[in-house]
2 protein chains.
Amino acid sequence: MTSTEQSGGMRPTKQRRAVVEAMESFADFRSAQEIHELLGERGEPVGLATVYRTLQRLADAGEVDQLRTEDGEAIYRRCSETHHHHLVCRECGATVEVEGPAVERWTRSIAAEHGYGEVSHTLEIFGTCARCG
Amino acid sequence: MTSTEQSGGMRPTKQRRAVVEAMESFADFRSAQEIHELLGERGEPVGLATVYRTLQRLADAGEVDQLRTEDGEAIYRRCSETHHHHLVCRECGATVEVEGPAVERWTRSIAAEHGYGEVSHTLEIFGTCARCG
DNA sequence: TTTTTTGCAAAAGCTTTGCAAAAAT
DNA sequence: ATTTTTGCAAAGCTTTTGCAAAAAA
């Protein structure tokens, strides 16, 4: 199992490989448009619509994390192996991954308490990092 | 201090009052367009642009909570007094407010651990409520 | 050959902005 | 008289979609 492997019914096209490889070339969150631009600079241009379609499928397949910025733009990042949350610097965007087993447990019990099932959650922490603060 | 009071340099216009009052007529999150429509039905039509501008200012002033749906749409709700989180039904949108002092403490300590200051966070829990599940 | 994917351009949807008229100070 | 706010229509943006050509199975 290589890291560029894809799941399900996706045909391994040049474009899809390019997007997946691009996703592995950075560790923070990028917008679809930024990724599209990056691909162009790399000399592997992929149509913007294709970038959107590919990222959406990768997100559905759980192969990339998808977030929304405060102004509603979708941003994507390759997944790490375990479920975790993000500590993001408001100024420079520096991201730290944090795990929170306690939070996982808490959300599940709160949900159960109110009769909710199939629980998922999103938790993002914002702050000013040491360099920017 | 009445509940329709406004802060800072906002002039108390008919439209602004209408938006603030509309916000107090429901307890869940609504989009700007829904609020605009609601105002029309109430017989107090307010221009869509004005609704957007007003909601933005109220959000900046901390008088309403602003969230993003999964597809990037901004939704608004009047603030309750205390900081809390939301347990939202994926199917019908039913919302329960939950408090989590433990979470507050945890996020602050995680952030401090990484040298981040001025911490804020967002936590939303999604699930299927008893009626929909 | 049949099915999926691409790329382009057009459309969609939410949100913002320019500007002159109206309202508040 | 000044300054802010409104409403409309016109952009602006990100994202989605239709469709014919290209690629994969």
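Each chain gets a letter, A, B and so on, in the order its sequence line appears, and its residues count up from 1.
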(request) Find the distance B/Glu70:CD to D/dT14:C1' and express it as a whole number of Å. (result) 17 Å

(message) For nucleotides 17-25 of chain D, give me one character per nucleotide, 5' to 3': B if any protein heavy atom sits under 4.0 Å from the base, S if the only such contacts are to the sugar-phosphate, - if neither.
(response) BB----BBS

Just list the side-chain donor-acceptor pairs under 3.5 Å for residues 35-56 of chain B, sequence neighbours left out, or say none.
{"from": "B/His36", "atom 1": "NE2", "to": "B/Val46", "atom 2": "O", "distance (Å)": "3.2"}
{"from": "B/Arg42", "atom 1": "NH2", "to": "B/Ser25", "atom 2": "OG", "distance (Å)": "3.3"}
{"from": "B/Tyr52", "atom 1": "OH", "to": "B/Gln33", "atom 2": "NE2", "distance (Å)": "3.2"}
{"from": "B/Thr54", "atom 1": "OG1", "to": "B/Thr50", "atom 2": "O", "distance (Å)": "2.7"}

(request) Specify the separation, in whole Å, of atom NE2 of B/His36 and atom P of C/dT15. (result) 13 Å

(message) Could you tell me how far apart A/Ile35 (CD1) and D/dT15 (P) are, to the nearest whole angstrom?
(response) 10 Å

(message) So if I take every side-chain heavy atom of A/Arg57 and compare against C/dT5, D/dT15, C/dT15, which nucleotide ends up nearest?
(response) C/dT5

(message) Measuring to OP1 and OP2 of D/dT14, would you say a side-chain N or O of A/Gln33 lies under 4.0 angstrom away?
(response) yes

(request) For B/Leu67 and C/dT15, give me the distance from atom CG to atom C1', rounded to whole Å. (result) 17 Å

(message) Please report the distance, rounded to the nearest Å, between CZ in A/Arg30 and P in D/dT14.
(response) 16 Å

(request) Specify the separation, in whole Å, of atom CZ of B/Arg16 and atom P of D/dT4. (result) 11 Å

(message) Which is more 5' along DNA chain D, the nucleotide nearest B/Leu48 or the one nearest A/Glu73? Just name the residue.
(response) B/Leu48

(message) Output the rounded distance in Å from CD1 (B/Ile75) to P (C/dG13).
(response) 19 Å

(message) To check you understand the geometry: which heavy-atom pair defines the closest contact between B/Tyr116 and A/Thr95, and what is its length?
(response) OH-N, 4.4 Å

Can you pull every protein N or O that's under 3.5 Å from an N or O on nucleotides 10-12 of chain C?
none

(message) It should be established whether A/Tyr52 places a side-chain nitrogen or oxygen under 4.0 Å from OP1 or OP2 of nucleotide D/dT16.
(response) no

(request) List for me each residue that meets ring pair (Phe, Tyr, Trp, His ring centres under 6.0 Å) alongside B/Phe29, sequence neighbours excluded, and say none if there are none. (result) B/His86

(message) Rounded to whole Å, how long is the line connecting atom CG of A/Asp71 with atom P of C/dT17?
(response) 12 Å

(request) Between B/Arg68 and A/Val51, name the one whose nearest nucleotide on DNA chain C is closer to the 5' end. (result) A/Val51

(request) Ignoring hydrogens and angles, tell me if any N or O in the side chain of B/Arg16 forms a donor-acceptor pair with the backbone of B/Met10 under 3.5 Å. (result) no

(message) I'd like to check the side-chain hydrogen bond (donor to acceptor under 3.5 Å, both in side chains) partners of A/Arg57; sequence neighbours left out, ordered by chain and number.
(response) none

(message) Quick one, B/His121 with B/Glu104, criterion side chain to side chain contact (heavy atoms under 4.5 Å, CB included). Give me CA distance, side-chain angles, the key distance, then yes/no.
(response) CA-CA 8 Å; B/His121 66 271; B/Glu104 318 294 318; 3.1 Å; yes

(request) For B/Glu21 and B/Ala18, indicate whether the former's side chain and the latter's backbone hold a donor-acceptor pair under 3.5 Å. (result) no

(message) Can you list everything that forms a side-chain contact (heavy atoms from CB on, under 4.5 Å) with B/Gln66? Sequence neighbours excluded, please.
(response) B/Ala59, B/Arg68, B/Ala74, B/Tyr76

(request) Determine, stepwise, if the pair A/Ile75 / A/Arg30 fulfils side chain to side chain contact (heavy atoms under 4.5 Å, CB included). (result) CA-CA 5 Å; A/Ile75 50 180; A/Arg30 303 288 173 87; over 6 Å; no

